[in-house]
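Residue numbers begin at 1 in each chain, while the letters A, B, ... track the order of the sequences.
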Amino acid sequence: KQEVTQIPAALSVPEGENLVLNCSFTDSAIYNLQWFRQDPGKGLTSLLLIQSSQREQTSGRLNASLDKSSGRSTLYIAASQPGDSATYLCAVRRRGSRLTFGEGTQLTVNP
Amino acid sequence: NAGVTQTPKFQVLKTGQSMTLQCAQDMNHNSMYWYRQDPGMGLRLIYYSASEGTTDKGEVPNGYNVSRLNKREFSLRLESAAPSQTSVYFCASSEHYSSWPFFGPGTRLTVL
């Protein structure tokens with residue numbers, strides 16, 4: 001059974017800092033991996049999707065990497081801003097199967 | 001273009017009561033999903049509908065039923081609510097089963 005773990009569970013940083021969020025998964029036979037953002041009381045917003053054949057994806061200040069063989073993905077946020085404060089979740093999918101979500105990292109960026 | 005909408009936003013039930021959570025999407029997506037989110041458990045799939053006319057159990061289906069009313073609408077029913085069903089419920093849709101999902105804003109349900 002696929003298990004997804006996100007470390008740390010919570011992170012607080014000063015504005016402007018670069019930071020890395022970690023996601024690990026137990027079954028490396030994944031089809032793709034996605035990073036989501038969730039604001040308090042809101043639904044999830046998809047940020048980046050990495051196919052199993054890809055190593056990384058970038059969108060603005062966000063960069064997600066994937067190392068399938070080691071079962072790891074990282075989400076790098078450059079020059080963090082207070083507006084980046086949210087919970088970040090990763091999810092993995094096997095081909096033809098459902099998404100398995102991690103529990104998320106709650107990020108606070110302090111002005 | 002509203003995306004995925006859910007009603008109600010909040011609900012309090014007593015143990016044993018029944019209710020239906022409604023979900024609709026206007027993106028012409030084929031697949032729809034119901035998740036629940038609990039502290040320390042992440043999001044878990046309750047039921048999904050890969051295409052109109054089909055529904056399948058997810059990871060935690062016990063105590064729930066679903067109806068894919070048409071391509072747009074996918075409802076989740078609790079026949080006899082239990083305190084263990086206190087959670088935040090999210091509906092999502094995607095173009096196909098393996099596509100990028102779009103999530104609704106959630107329904108916060110408390111069962112007393």
What part of B:T107 gets within 4.5 angstrom of chain A, counting heavy atoms only: side chain, backbone, both, or neither?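 Contact with chain A is absent: no heavy atom of B:T107 under 4.5 Å.
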Honestly, the part of B:Q37 sitting under 4.5 Å from a heavy atom of chain A is side chain
Determine whether [X] and [Y] fall in the same hydrophobic cluster, where Ile, Leu, Val, Met, Phe, Trp and Tyr are linked whenever their side-chain heavy atoms lie under 4.5 Å apart.
{"X": "A:L62", "Y": "A:L66", "result": "yes"}
{"X": "B:M27", "Y": "A:L49", "result": "yes"}
{"X": "B:Y97", "Y": "B:L43", "result": "yes"}
{"X": "B:V4", "Y": "B:F103", "result": "no"}
{"X": "B:L21", "Y": "B:Y48", "result": "no"}

For residues A:R98 and B:D56, determine if any side-chain heavy atom of one lies less than 4.5 Å from a side-chain heavy atom of the other.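 Side chain of A:R98 against side chain of B:D56, heavy atoms only: no contact under 4.5 Å found.
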Within the structure provided, determine whether B:R44 and A:F101 are in side-chain contact (heavy-atom separation under 4.5 Å). no
Taking all non-hydrogen atoms of both residues, which atom of B:W100 and which atom of A:L48 are closest, and how far apart? CH2-C, 3.5 Å
Exercise: identify the closest heavy-atom pair between A:S46 and B:P101: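 Looking at all heavy atoms of both residues, the shortest contact is OG-O, 3.3 Å.
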Intermediate values then yes/no, side chain to side chain contact (heavy atoms under 4.5 Å, CB included), A:L99 and B:Y35: CA-CA 11 Å; A:L99 285 171; B:Y35 289 89; 4.0 Å; yes
Interface residue of largest heavy-atom contact number with chain A, from B:G106, B:P39, B:G58, under 4.5 Å: B:G58
Using non-hydrogen atoms only, which part of A:D39 is less than 4.5 Å away from chain B: side chain, backbone, both, or neither? neither
Contact origin within A:Q6 toward chain B - heavy atom pairs under 4.5 Å: neither
Got a sec: does the NZ of A:K42 have more than 12 other heavy atoms crowding it under 6.0 Å?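 Counting neighbours around NZ of A:K42, 12 or fewer heavy atoms of other residues, nucleotides or ligands fall under 6.0 Å, so no.
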Taking atom CD of A:Q106 as the centre, report whether more than 12 heavy atoms of other residues, nucleotides or ligands fall under 6.0 Å from it. no
Atom CZ of B:F102 and atom CG of A:L44: how far apart are they, to the nearest 0.5 Å?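 B:F102 atom CZ to A:L44 atom CG measures 12.5 Å (nearest 0.5 Å).
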